[in-house]
Amino acid sequence: MASFKIGYFVGSLATGSINRTLSKALIKLAPEDLEFTEIPIRDLPLYSYDYDADFPPEGRALKEAVEGSDGILFVSPEYNRSIPGALKNAIDWGSRPWGSNSFARKPTGIIGASVGSIGTAVMQSSFRSVLSFLDAPQLNAPEAYIHYNASVFGEDGEVKDEGTAKFLRHYMDEYGAFVARVLAANAPGHIGDLEPDAEKLSR
Ligand SMILES: Cc1cc2nc3c(=O)[nH]c(=O)nc-3n(C[C@H](O)[C@H](O)[C@H](O)COP(=O)(O)O)c2cc1C
């Protein structure tokens with residue numbers, strides 16, 4: 001069975017992050033052919049194009065991690081109805097220097113947990129615009145807006161409610177199938193196989 005390398009981002013820097021707990025649950029419930037490695041965002045400086053001539057090690061490591069992944073999964077909270085600053089900063093690093101957008105053609109998934117009933121839906125909506133601009137294909141369905149309940153999620157990623165576990169397992173099955181489809185479509189020689197459009201980021 002082919003196995004796929006999945007780089008995942010946790011969009012929270014908080015020690016008690018519920019999204020980090022959700023990421024552990026997702027990894028436990030994912031199909032066995034997905035191998036997960038976290039792409040850290042904590043130590044990235046705030047991006048400026050002044051760095052473009054000579055990226056710092058943290059920026060280079062992020063780009064290498066994204067480019068070395070078959071697929072990317074974002075597990076993120078919603079802050080003030082949008083993408084947390086630390087995560088948006090990481091995306092900006094990965095998108096530059098101009099003409100070397102590391103996210104181009106990478107299959108992506110977005111999922112998030114919130115203490116509110118809206119379950120990160122507004123953040124995910126803005127995130128989808130960002131990923132579209134970066135030419136990153138996204139899993140469109142199922143959508144996953146998680147209203148976090150501490151009695152359902154164990155610290156180690158155990159999911160204590162079978163309905164929730166079933167939904168998250170289904171999400172990860174669909175995500176894995178989506179990664180496989182996009183990689184097949186991206187494969188050299190496949191009809192429509194073209195270089196990613198670097199010019200796109202000039203706008
Ligand atoms: C700065 C800030 C802004 C927030 N804004 C929202 C919001 O827009 N929508 C929401 O559902 N929850 C919001 N929350 C509450 C988060 O859902 C909650 O803090 C959650 O634990 C964040 O996920 P994390 O623990 O993984 O960081 C906000 C929290 C913070 C700290």
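Both ligands and their constituent atoms are indexed starting at 1 by order of listing.
- Between Thr120 and Phe127, the closest side-chain pair of non-hydrogen atoms is not below 4.5 Å.
- Legend: residues meeting side-chain hydrogen bond (donor to acceptor under 3.5 Å, both in side chains) with Tyr79, ordered by chain and number and at least two apart, are absent.
- Residue Ile118 is not grouped with residue Ile18 when hydrophobic side chains (ILVMFWY) are merged at heavy-atom distances under 4.5 angstrom, including chains of intermediate members.
- For Lys5, there are no salt bridge (charged side-chain N to carboxylate O under 4.0 Å, His left out) partners at least two apart in sequence or on another chain.
- Look at Glu38 and Arg20 and you find a salt bridge, because one of the NZ, NE, NH1 or NH2 atoms lies within 4.0 Å of a carboxylate O, short of that distance.
- Under the side-chain hydrogen bond (donor to acceptor under 3.5 Å, both in side chains) criterion, Glu158 pairs with no residue at all, not counting sequence neighbours.
- When heavy-atom distances to ligand 1 are checked against 4.0 Å, the residues falling inside are Ser12, Ser17, Ile18, Asn19, Pro77, Glu78, Tyr79, Asn80, Arg81, Ser114, Val115, Ile118, ordered by chain and number.
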